[in-house]
Trainee: 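Structure provided below as structure tokens; questions to follow.
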Amino acid sequence: MRTLLPPTPRAPVLAPGEIHVWPVPLGRVPLDAADAVLSPAERARAERIRRPVGRRRYRAAHLALRTLLAGYLGVAPDLPRFVRRCPEPEVCGDCGGGRPVLAAGPWPHLEFSLSHSGSAALVGVVRAPGTVGVDVERIRDAFDWSRLPLVGAQDRVSGFRTWTAIEAVGKAAGTGLRDPVSIGPPARGPRRARRSGDSSDWYVHEVDCPDGYVGSVATHTVDTVVRSFPWPPSGCGPGCEMG
């Protein structure tokens with residue numbers, strides 16, 4: 001018997017030139033419908049995570065991603081399919097690696113990015129051909145950033161902010177940390193960033209996250225508007241509010 005899925009939430013209007021970001025407290029994502037929504041590959045990957053808390057958080061992050069994409073696409077959350085996009089198929093021969101993207105289907109073409117750390121996740125969504133990369137990190141009590149040349153000597157919180165900016169640019173580019181990223185100093189607007197071997201600029205915005213976490217969203221366009229929305233999305237139903 002098919003599990004009844006929660007209603008698809010109403011997504012806010014995603015205008016051209018906008019990125020929508022969703023900070024998600026993973027403890028507020030109900031997992032009742034997870035097995036009916038997540039793909040076989042997602043369920044298998046979750047089962048390979050040894051610690052139960054890690055499995056729950058992985059399932060919650062990917063269920064939140066599917067719930068949000070369902071609202072933007074106007075479909076049930078179990079329908080979207082994902083493929084890997086190699087950033088340089090001419091080099092690797094389309095190896096099947098790279099970041100996940102929406103497979104072609106009867107829905108608008110969106111780009112998205114997902115990150116999770118500890119009990120928080122961050123989701124970014126933009127209309128194609130826009131680019132987006134997000135990263136969220138739990139702020140640890142002791143961390144010597146001087147050991148990482150990409151960050152350098154910074155205080156604890158500033159170091160984590162810079163690190164999320166670096167990770168977000170790598171995710172937006174689809175190359176991860178393969179190419180070193182340099183981040184400009186904090187500014188009133190987005191921070192400018194450069195990737196090694198790439199003459200174009202990237203732009204990084206800070207994102208408000210749950211207490212004890214910092215996050216960043218990166219894009220290729222300087223005038224992109226970043227809008228943040230709280231979880232749960234409107235119309236997700238009372239079961240999405242777990243407290």
Side-chain angles (χ1 to χ4, degrees), residues 18-29 49 51 53-54 56-58 60-61 64-65 99 112-126 131-231:
E18 282 187 348
I19 290 175
H20 289 184
V21 292
W22 296 81
V24 181
L26 294 177
R28 297 174 68 183
V29 181
I49 299 173
R51 296 180 63 223
V53 66
R56 289 195 299 272
R57 288 171 174 175
Y58 175 91
L65 170 66
R99 64 190 179 93
F112 69 90
S113 182
L114 167 68
S115 174
H116 56 96
S117 174
S119 61
L122 192 62
V123 176
V125 185
V126 68
T131 54
V132 62
V134 301
D135 190 65
V136 62
E137 294 288 343
R138 181 175 63 86
I139 301 172
R140 269 82 85 190
D141 289 337
F143 204 96
D144 182 7
W145 287 110
S146 65
R147 295 180 301 159
L148 281 96
L150 287 179
V151 177
Q154 298 189 42
D155 66 57
R156 181 170 56 98
V157 176
S158 296
F160 276 105
R161 291 192 187 281
T162 297
W163 182 249
T164 64
I166 291 170
E167 288 267 22
V169 171
K171 290 180 179 181
T175 57
L177 298 181
R178 185 191 66 190
D179 300 320
V181 176
S182 60
I183 303 292
R188 293 178 63 88
R191 297 171 73 172
R192 186 168 295 183
R194 283 283 181 92
R195 295 170 52 245
S196 178
D198 180 0
S199 61
S200 59
D201 288 326
W202 294 80
Y203 302 92
V204 183
H205 301 252
E206 290 185 6
V207 178
D208 288 334
C209 291
D211 289 344
Y213 293 82
V214 293
S216 294
V217 55
T219 183
H220 226 328
T221 310
V222 65
D223 57 354
T224 298
V225 175
V226 176
R227 299 176 61 196
S228 184
F229 299 89
W231 178 273

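One-based numbering along the sequence shown.
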Trainee: Sorted by first residue and then second, give each salt bridge (Lys or Arg N to Asp or Glu O under 4.0 Å) pair with at least one member in residues 215-231; sequence neighbours left out.
Mentor: E18-R227

Trainee: Run the numbers on V132 and V125 for side chain to side chain contact (heavy atoms under 4.5 Å, CB included), then give the verdict.
Mentor: CA-CA 7 Å; V132 62; V125 185; over 6 Å; no

Trainee: With the side chain counted from C-beta on, respond yes when V181 and L150 share a heavy-atom pair under 4.5 Å apart, and no when they do not.
Mentor: no

Trainee: Does any N or O in the side chain of Y213 come within less than 3.5 Å of the main-chain N or O of A121, such that one atom is a donor and the other an acceptor?
Mentor: no

Trainee: What are the two closest non-hydrogen atoms of W231 and W22, and how far apart are they?
Mentor: N-CE3, 4.5 Å

Trainee: Report the relative orientation of the aromatic rings in W202 and H220; use parallel for angles under 30°, tilted for 30 to 60°, perpendicular for over 60°.
Mentor: parallel

Trainee: Here's a test for you: under side chain to side chain contact (heavy atoms under 4.5 Å, CB included), which of D135, V136, V123 qualifies with L114?
Mentor: V123

Trainee: Where the side chain of R51 meets the backbone of I49, is there a donor-acceptor pair that is under 3.5 Å apart?
Mentor: no

Trainee: Side chains of S115 and K171: closer than 4.5 Å at any heavy-atom pair?
Mentor: yes

Trainee: Would you mind reporting whether S228 and V21 have side-chain heavy atoms less than 4.5 Å apart?
Mentor: yes

Trainee: Would you say the side chain of P23 lies within less than 4.5 Å of the side chain of L122, judging by non-hydrogen atoms?
Mentor: yes

Trainee: Please answer whether the main-chain N or O of V134 pairs with a side-chain N or O of S113 as donor and acceptor at a distance below 3.5 Å.
Mentor: yes

Trainee: Assess whether side chain to side chain donor-acceptor pair (under 3.5 Å) is satisfied between D179 and S196, documenting all intermediate values.
Mentor: CA-CA 6 Å; D179 300 320; S196 178; 5.9 Å; no

Trainee: List the steps and the verdict of side chain to side chain donor-acceptor pair (under 3.5 Å) for Q154 and T162.
Mentor: CA-CA 9 Å; Q154 298 189 42; T162 297; 3.2 Å; yes

Trainee: Any donor and acceptor pair, going by atom type alone, linking the side chain of S158 with main-chain N or O of D155 inside 3.5 Å?
Mentor: no

Trainee: Identify the two heavy atoms, one from Y203 and one from P190, that lie closest to each other, and give their separation to 0.1 Å.
Mentor: CB-CB, 4.1 Å

Trainee: Are the side chain of S216 and the backbone N or O of A168 linked by a donor-acceptor pair below 3.5 Å?
Mentor: no

Trainee: Kindly write out the residues that satisfy side-chain hydrogen bond (donor to acceptor under 3.5 Å, both in side chains) with S182, not counting sequence neighbours, or none if the list is empty.
Mentor: none

Trainee: Return the minimal non-hydrogen interatomic distance between A193 and V204, and the atom names on each side.
Mentor: CB-CG2, 4.3 Å

Trainee: Answer whether the closest heavy-atom distance between the side chains of V214 and I139 falls below 4.5 Å.
Mentor: yes

Trainee: Which heavy-atom pair separates R156 from A142 by the least distance, and what is that distance?
Mentor: CD-N, 4.3 Å

Trainee: If you measure from CH2 on W163 to CG on L177, what distance do you get to the nearest 0.5 Å?
Mentor: 5.0 Å

Trainee: Where is the tightest heavy-atom contact between G118 and R57, given as atom of each residue plus distance?
Mentor: O-CD, 3.0 Å

Trainee: Between L65 and F112, does a side chain to side chain contact (heavy atoms under 4.5 Å, CB included) hold up when you go through it step by step?
Mentor: CA-CA 9 Å; L65 170 66; F112 69 90; 3.8 Å; yes

Trainee: When you measure from the side chain of T219 to the backbone of T131, do you find a donor-acceptor pair of N or O atoms at a distance under 3.5 Å?
Mentor: yes

Trainee: Enumerate the residue pairs fulfilling salt bridge (Lys or Arg N to Asp or Glu O under 4.0 Å) with a member in residues 197-213, sequence neighbours excluded, ordered by first and then second residue.
Mentor: R161-E206, R192-D201, R194-D201, R195-D198

